[in-house]
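Have a look at the structure below, then the notes.
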Amino acid sequence: AMEKSYVSMFLLLIAVSCALAKDAGKKDTKETTAKPKLPQTLSRGWGDQLIWTQTYEEALFRSKHSQKPLMIIHHLEECPHSQALKKVFAEHKDIQKLAEKFILLNLVYETTDKNLAPDGQYVPRVLFIDPSLTVRADITGRYSNRLYAYEPSDISLLYSNMQKALKLLKTEL
């Protein structure tokens with residue numbers, strides 16, 4: 001019976017996120033010969049009509065100066081979990097509307113800021129940062145082993161977490 005629970009735990013891990021390869025040296029040499037991708041808007045499909053920042057530094061600067069919370073989405077183009085979350089996120093009218101109240105950044109690479117990977121570098125993961133530039137460790141998803149992971153079925157939780165990030169702002173500043 002013990003073995004069975006291990007297996008299901010392992011499957012849950014796989015189901016929720018795409019683990020990132022730690023060893024960059026092992027990357028396929030395919031990448032260097034890949035044909036250049038078409039230019040893409042900064043939204044990368046997460047909401048084409050929203051205003052997205054280009055870099056983490058710019059996002060922090062804008063958050064601090066506009067006093068708006070920052071929402072960072074880490075994802076990878078080739079990760080099916082990232083793609084699935086992106087699809088429901090982009091099609092969710094209420095989320096797209098609420099997102100206008102945030103400084104927005106989506107990243108397909110990791111930053112050097114360890115605060116953005118409080119429990120590991122996995123995708124997709126969504127973190128909220130307040131204008132005091134504090135990562136909100138209190139706004140999490142529903143998986144204890146991947147605190148900032150969301151599946152498409154968790155989209156209403158992500159929506160309420162966005163509302164929570166805005167509410168916290170009003171009470172704390």
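Residue numbers run from 1 in the order of the sequence given.
- A distance of 4.5 Å separates CG of D48 from OG1 of T41, quoted to the nearest 0.5 Å.
- Between L166 and P69 the shortest side-chain heavy-atom distance falls below 4.5 Å.
- W52 and L105 get closest at one heavy-atom pair: CE3-N, 3.7 Å.
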How far apart are the C-alpha atoms of D130 and L168, what are their side-chain angles, what is the distance that settles it, and do they pass the side-chain contact (heavy atoms from CB on, under 4.5 Å) test? CA-CA 9 Å; D130 66 32; L168 283 170; over 6 Å; no
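- With sequence neighbours excluded, the residues satisfying side-chain contact (heavy atoms from CB on, under 4.5 Å) with V88 are L85, P152, I155.
- Contact detail for Q121 and A117: the closest heavy-atom pair is CG-CB, 3.9 Å.
- Partners of E57 under the side-chain hydrogen bond (donor to acceptor under 3.5 Å, both in side chains) rule, at least two apart in sequence or in another chain, do not exist in this structure.
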The test is side chain to side chain donor-acceptor pair (under 3.5 Å); show your working for T111 and D113 and say whether it passes. CA-CA 5 Å; T111 68; D113 188 347; 5.5 Å; no
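- Grouping the Ile, Leu, Val, Met, Phe, Trp and Tyr side chains by contacts below 4.5 angstrom, directly or via other members, places I139 with L157.
- Of all the heavy atoms in S153 and R142, the pair that sits closest is OG-NH2, 4.2 Å.
- With sequence neighbours left out, the side-chain contact (heavy atoms from CB on, under 4.5 Å) criterion links Q54 to L42, E58.
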Verify side-chain contact (heavy atoms from CB on, under 4.5 Å) between Q96 and L50, making sure each step is shown before the conclusion. CA-CA 8 Å; Q96 291 292 308; L50 294 167; 3.2 Å; yes
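- Rounding to the nearest 0.5 Å gives a distance of 7.5 Å between CG of L107 and CG of L116.
- Applying the side-chain contact (heavy atoms from CB on, under 4.5 Å) test to I51 and every residue at least two apart in sequence or in another chain returns R62.
- The ring-ring contact (aromatic ring centres under 6.0 Å, His included) check on Y56 picks up nothing, with sequence neighbours excluded.
- The side-chain hydrogen bond (donor to acceptor under 3.5 Å, both in side chains) check on T55 picks up nothing, with sequence neighbours excluded.
- Taking the salt bridge (Lys or Arg N to Asp or Glu O under 4.0 Å) definition, one finds that K87 meets it with E91, sequence neighbours left out.
- Contacts of F89 classified as ring-ring contact (aromatic ring centres under 6.0 Å, His included), with partners at least two apart in sequence or in another chain: W46.
- One distance of note links NZ of K164 with CG of L158; it measures 12.5 Å at 0.5 Å rounding.
- At a threshold of 4.0 Å, the pair E77-K86 counts as salt-bridged, since one of the basic side-chain nitrogens sits closer than that to a carboxylate oxygen.
- Nearest heavy atom pair, residue F128 against residue Y150, reads CE1-OH, 4.5 Å.
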Run the numbers on I129 and R136 for side-chain contact (heavy atoms from CB on, under 4.5 Å), then give the verdict. CA-CA 6 Å; I129 297 177; R136 300 306 306 222; over 6 Å; no
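- Closest heavy-atom contact between G141 and N161: N-ND2, 4.3 Å.
- Taking 4.0 Å as the cut-off between side-chain N and carboxylate O, R146 and D119 do not count as a salt-bridged pair.
- The line from NZ of K68 to CZ of F102 is 10.0 Å long, rounded to the nearest 0.5 Å.
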For R44 and H75: C-alpha separation, side-chain torsions, deciding distance, then whether side-chain contact (heavy atoms from CB on, under 4.5 Å) applies. CA-CA 10 Å; R44 294 191 181 89; H75 63 111; 3.8 Å; yes
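- Rounding to the nearest 0.5 angstrom, the gap separating the NZ atom in K64 from the CG atom in L60 is 9.5 Å.
- For the atom pair NE2 (H81) and OH (Y122), the distance works out to 13.5 Å, reported to the nearest 0.5 Å.
- Judged by distance alone, with hydrogens and angles left aside, the side-chain atoms of S82 form a donor-acceptor pair with the main-chain N or O of L76 at under 3.5 Å.
- Listed by chain and residue number, nothing satisfies the side-chain hydrogen bond (donor to acceptor under 3.5 Å, both in side chains) test with Q83 (two or more places apart in sequence, or in another chain).
- Of the possible polar contacts, one joining the T53 side chain to the L104 backbone as a donor-acceptor pair under 3.5 Å is found.
- For Y159, the side-chain contact (heavy atoms from CB on, under 4.5 Å) criterion is met by H92, D94, I95, L98, Q163, not counting sequence neighbours.
- The side-chain hydrogen bond (donor to acceptor under 3.5 Å, both in side chains) check on E100 picks up K97, with sequence neighbours excluded.
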